[in-house]
Amino acid sequence: MMSANLFSAEGRKQQKELTQRRAWVIAISALVLLMYYPLGVFILVTRTHSYGYMSSTEKYLAAVSAVRGQIGIQQIGFAIVMALAVLLALQGFDFLFHRTQLDFYESQPVSRKERFRSVYFNGILIFVVLYAVTMLVTLIIAAILGTVNMVLFLEILYEFVRIVILFLATYSITVLAVMITGNLPIALMMSAFLLSIEYLYAYVIQYYAKIFYKTFNQTDSSATAIGAPLYHAVDAVERVTKITGSTDGTITQKLLQQMIRICFPGDMITLLVAAVGTVVAWMCYRRRKAEWAGKSIVFGTIRTLVKILVTVLAALTCGILIFEFYNRGTVSKNITNYAMPIVITIASVLACAAFEAVLSFNIRAVCRKIWHIPVVIVLSLLIFGIYKNDVTGYDRYIPAADKVESCAMYINGNSASYYEDNLKNAVEAYDYYQRHMYLKNVQAVEDIVLESMDYMKTWDDTQTDYYSAIVVYRMKSGRQIVRQIM
């Protein structure tokens, strides 16, 4: 069994040898973690002691909040963890990029399966041990400074598990990037591609919805990338911050349970990404040939798929840039009818040429795989056309009244703030209406929306004398739909 091999005498010996050869990356990882977590907590907590305008209770709550922000669910240290995951994965499997090193490893009396397993789990072992020790030191410092309570301790324990899951997902994706590439620079770019491509597409697609859909509401719509570990890390911080922002800094067990319920689905998806990434990386490693060391992307099908995804994204992004650059009142229709499709077409050609030149490290390779260009142009213009012509009927959609539990409707752009029951923390109007307005006469709301839709058919982006409102449909299924009307 895998576990028996890993923890046998021979397995422990292999892990020890691997760890010794990776001393420099261990030193860097340890230094970064110690600088950010224990030292960061010490500085932030001791700084709260100098707040002379605060009472002792307020200083305590500020200190606890500082610890939570550094090592709790709302921490942004996940970015450091993801960077270390990329570093450990690239350094661990670096031998695949060098033919001489690869020949040496292949000549050893160790199976490919055992070699992959040893290197793969060595990187995970290094991080988990370093992170556990770092968290222990940080907790001791926080306890000495008097900022650790039971709820905070439980939150930190849960966040420890979340960080390990995030590391596993990022690490496995980066290992996969190594397995399908032949040199370090391309592997680094491939890792960035795999980790961010869904997020980037979600953002660009949302931007096209913002440009062309009149009922699209930017405030309540965020780019959703279900399979991206980074998305779930950022989303958890944003959503947890929203529910803790209306408190005086005290986190109760009930609130902690609510925070965990927010994070848990994303954590499970991230764990699934880690498992899938590991399996696919192993499958690619089995099929990888030694003579591929030094190449760019070693699998032809994957190379074509990556090229199409990157170049279509680049073309659509150029369409957005030209829209924003020239979008000035009356000329905007000319932009969407002529300038944007022309720029998208030109950008598709240039992006395909640039991709081949970069991956081949040869400027003369710009004309390779020229048949990819029309494919990219068609796909890019197809996506553009779907949003420009509202093929999906987004602006015409109104949910059936009998499927809506309740609604909320309020003026868009209301800058007023409201206070919750504790009268200490202000809540933006948008959040306040979302929480407290429940209109039960759904049909009356939808009659207003229908009248607005009739008006919007005659509306164009040269008009500025209008007010907009936000309509929130709370569906009986639990789904929430948000639209903007005028």
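On a predicted model such as this, the values are computed, not experimentally measured, just so you know.
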Minimum heavy-atom separation for Val391 to Gly385, with atom names? CG2-O, 4.2 Å
Look at atom CZ of Phe42 and say whether more than 12 heavy atoms of other residues, nucleotides or ligands are closer to it than 6.0 Å. no
Ile373 CD1 to Thr311 OG1 distance, which is reported to the nearest 0.5 Å: 9.5 Å
Exam field: side chain Glu198 to backbone Ile226, donor-acceptor pair closer than 3.5 Å: yes
Would you find a donor on one side and an acceptor on the other, under 3.5 Å apart, between the side chain of Asn183 and the backbone of Phe97? no
Check whether any side-chain heavy atom of Thr392 sits under 4.5 Å from a side-chain heavy atom of Tyr213, and report yes or no. yes
Closest non-hydrogen atom pair, Gln75 against Val237: O-CG2, 3.6 Å
Under the side chain to side chain contact (heavy atoms under 4.5 Å, CB included) rule, what do Arg115 and Tyr285 come out as? Steps first, then yes or no, please. CA-CA 11 Å; Arg115 185 180 301 110; Tyr285 180 71; 3.6 Å; yes
Kindly say whether Trp282 contributes a backbone atom to a donor-acceptor pair with the side chain of Arg286 at under 3.5 angstrom? no
Looking only at non-hydrogen atoms, find the nearest pair between Ala187 and Thr181 and report the distance. CB-OG1, 3.2 Å
Just do the side chain to side chain contact (heavy atoms under 4.5 Å, CB included) check on Cys284 and Leu176 with the steps written out, would you? CA-CA 8 Å; Cys284 291; Leu176 173 59; 4.0 Å; yes
Carboxylate-amine/guanidinium proximity below 4.0 Å for Glu155 and Arg162: no
I'd like to know whether CE of Met283 has more than 12 heavy-atom contacts from other residues, nucleotides or ligands below 6.0 angstrom. no
The residue among Phe78, Tyr36, Phe160 that forms ring-ring contact (aromatic ring centres under 6.0 Å, His included) with Tyr131 is Phe160
Considering only distance and modelled atom types, tabulate donor-acceptor pairs under 3.5 Å from the side chains of residues 268-277, sequence neighbours left out.
{"residue": "Thr270", "atom": "OG1", "partner": "Gly266", "partner atom": "O", "Å": "2.8"}

Does a side-chain heavy-atom distance below 4.5 Å link Ile308 with Val375? yes
Do the side chains of Cys263 and Ile73 get nearer than 4.5 Å, heavy atoms only? yes
Say you draw a straight line from OG1 of Thr304 to NE2 of His372; how long is it, rounded to the nearest 0.5 Å? 4.0 Å
For Glu324 and Tyr207, test the side chains for any donor-to-acceptor distance below 3.5 angstrom and give the result as yes or no. yes
Taking all atoms of both residues into account, what is the closest heavy-atom pair of Phe95 and Val119, and its distance? CE2-CG2, 4.4 Å
Say whether, by atom type as modelled, one donor and one acceptor occur between the side chain of Ser380 and the main chain of Ile377 under 3.5 angstrom. no
The reported gap from CG in Leu194 to CE in Met189 (rounded to nearest 0.5 angstrom) is 12.5 Å
Tell me, do Cys318 and Ile344 make a side-chain contact under 4.5 Å, heavy atoms counted? no
How about CD1 on Ile76, more than 12 heavy atoms from neighbouring residues, nucleotides or ligands closer than 6.0 Å, or not? no
Taking Lys388's backbone N and O only, do any of them form a donor-acceptor pair with Tyr208's side chain (distance below 3.5 Å, no angle check)? no
Are Tyr60 and Thr147 close enough that a side-chain donor and a side-chain acceptor fall under 3.5 Å? no
Glu159 side, atom CD; Arg68 side, atom CZ - distance, nearest 0.5 Å: 10.0 Å
Nearest heavy-atom pair of Val298 and Arg288: which atoms, and what distance? CG2-NH1, 4.3 Å
Would you say Leu166 and Met82 make side-chain contact, with heavy atoms under 4.5 Å? yes
Contact between Met179 and Leu96 at the side-chain level, heavy atoms closer than 4.5 Å - yes or no? yes
Taking all non-hydrogen atoms of both residues, which atom of Gly319 and which atom of Val343 are closest, and how far apart? N-CG1, 4.5 Å
Set out, in order, the CA-CA distance, both residues' side-chain angles and the distance that settles ring pair (Phe, Tyr, Trp, His ring centres under 6.0 Å) for Tyr387 and Phe212, then state yes or no. CA-CA 6 Å; Tyr387 282 86; Phe212 293 112; 7.6 Å; no
What's the verdict on side chain to side chain contact (heavy atoms under 4.5 Å, CB included) for Thr252 and Val151, showing C-alpha distance, side-chain angles and the deciding distance? CA-CA 7 Å; Thr252 62; Val151 176; 6.0 Å; no
Would you say the side chain of Phe193 lies within less than 4.5 Å of the side chain of Leu309, judging by non-hydrogen atoms? yes
Angle class for the Tyr231/Tyr199 ring planes (parallel below 30°, perpendicular above 60°, tilted otherwise)? perpendicular
Working for side chain to side chain contact (heavy atoms under 4.5 Å, CB included), residues Leu139 and Ile156: CA-CA 9 Å; Leu139 272 173; Ile156 293 170; 3.6 Å; yes
Applied to residues 165-175, the side chain to side chain donor-acceptor pair (under 3.5 Å) test, sequence neighbours excluded, yields Thr174-Ser191
Candidate list Val148, Leu44, Val45, test side chain to side chain contact (heavy atoms under 4.5 Å, CB included), partner Val67, passing option: Val45
What do you reckon, are the aromatic ring centroids of Phe93 and Phe116 less than 6.0 Å apart? yes
Report the distance from atom CD1 of Ile197 to atom CG of Leu195, rounding to the nearest 0.5 Å. 11.0 Å
Are the side chains of Leu188 and Val86 in contact, using a 4.5 Å heavy-atom criterion? yes
Separation between CD1 of Ile180 and CZ of Arg287, rounded to the nearest 0.5 Å: 13.5 Å
